[in-house]
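For reference, the structure is listed below as structure tokens.
In what follows, every heavy atom counts, from backbone to side chain, and hydrogens, waters and symmetry copies are set aside.
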Amino acid sequence: MQQEPAADTPHLRVRQERGYTVLEFRGEIDIVAATEIAPRLDDATAGSAPRVVIDLSRIDFFDCSGLRLLYRARSRVLEHGGQLHLVCAHPLTLRVLRATGLSRLLPPAPTLDAALGLPEATSGSL
């Protein structure tokens, strides 16, 4: 039995594209947004071999709450033998990803098309 996708929220749009679940974060990703996004992120990263793309192209602000969401998604996807790709071209967010080392573990693609065109591989490893 297939579940209906969760409804979009002010900070998240979820859709299927080319065999991946795309989680498009929107607006300001802070503690309030993270509380809203976390259950849907957990749904998308559950099960066997989830294929997920997190798209940050429509965010305006990204703090440590957003970083925790990315680390959580990566951990869950790797735990379940899946794939996780990240879309991010925002200079300040890229700077945060580089400063925290997350860009090595989850290399960002500049566009959704680029992320979906990546070879069949899991995200970076420690």
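Contact record, Ala114 with Pro110: CB-CD, 4.1 Å, taken as the closest heavy-atom pair. Shortest non-hydrogen contact noted between Val77 and Gln83 is CG1-N, 3.3 Å. Here the closest non-hydrogen pair linking Val87 and Ala115 is CG2-CB, 3.6 Å. When every heavy atom of Val52 is checked against every heavy atom of Ala44, the shortest pair comes out as CG2-O, 3.5 Å.
Considering Leu69, Asp63, Leu70 in turn, Leu69 is the only one that fulfils the side-chain contact (heavy atoms from CB on, under 4.5 Å) rule with Ile29.
Atoms CZ and OG1, on Arg51 and Thr21 in that order, are 9.5 Å from each other to the nearest 0.5 Å. Going from atom OH of Tyr71 over to atom CG of Leu106 covers 9.5 Å, rounded to the nearest 0.5 Å. A distance of 9.0 Å separates SG of Cys88 from CG of Asp55, quoted to the nearest 0.5 Å. In this structure, NE2 on His11 lies 14.5 Å from CZ on Arg58, to the nearest 0.5 angstrom. The distance from the CG atom of Leu41 to the CZ atom of Arg72 is 7.5 Å, given to the nearest 0.5 Å.
A 4.5 Å side-chain heavy-atom check between Leu116 and Val53 finds at least one atom pair inside the cut-off. Proximity of Glu28 to Ile59: side-chain heavy atoms (C-beta onward) are nowhere separated by under 4.5 Å. Side-chain contact check for Ile54 versus Leu84: some heavy-atom pair is nearer than 4.5 Å. Side chains of Leu92 and Phe61 form no contact here, defined as non-hydrogen atoms less than 4.5 Å apart. Residues Leu86 and Pro107 are not in side-chain contact: their nearest non-hydrogen atoms beyond the backbone lie 4.5 Å or more apart.
For Thr111 and Asp113, the side-chain atoms include no donor-acceptor pair closer than 3.5 Å. For Arg68 and Ser65, the side-chain atoms include at least one donor-acceptor pair closer than 3.5 Å.
Between the Arg13 side chain and the Thr9 main chain, no donor and acceptor come within less than 3.5 Å of each other. Looking at Asp8, its side chain does come within 3.5 Å of a backbone N or O of Val14 through a donor-acceptor pair. Between the side chain of Arg76 and the main chain of Asp42, a donor-acceptor pair closer than 3.5 Å is present. Under a 3.5 Å cut-off, the side chain of His80 and the backbone N or O of Thr45 do form a donor-acceptor pair.
The 12-atom threshold is not exceeded at CZ of Arg95, counting heavy atoms of other residues, nucleotides or ligands nearer than 6.0 Å.
When ring centroids are compared, His85 and Tyr20 come within the 6.0 Å threshold.
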Exercise. Could you go step by step and tell me if Asp60 and Arg26 meet the salt bridge (charged side-chain N to carboxylate O under 4.0 Å, His left out) rule?
Worked result: CA-CA 7 Å; Asp60 301 318; Arg26 299 171 169 186; over 6 Å; no
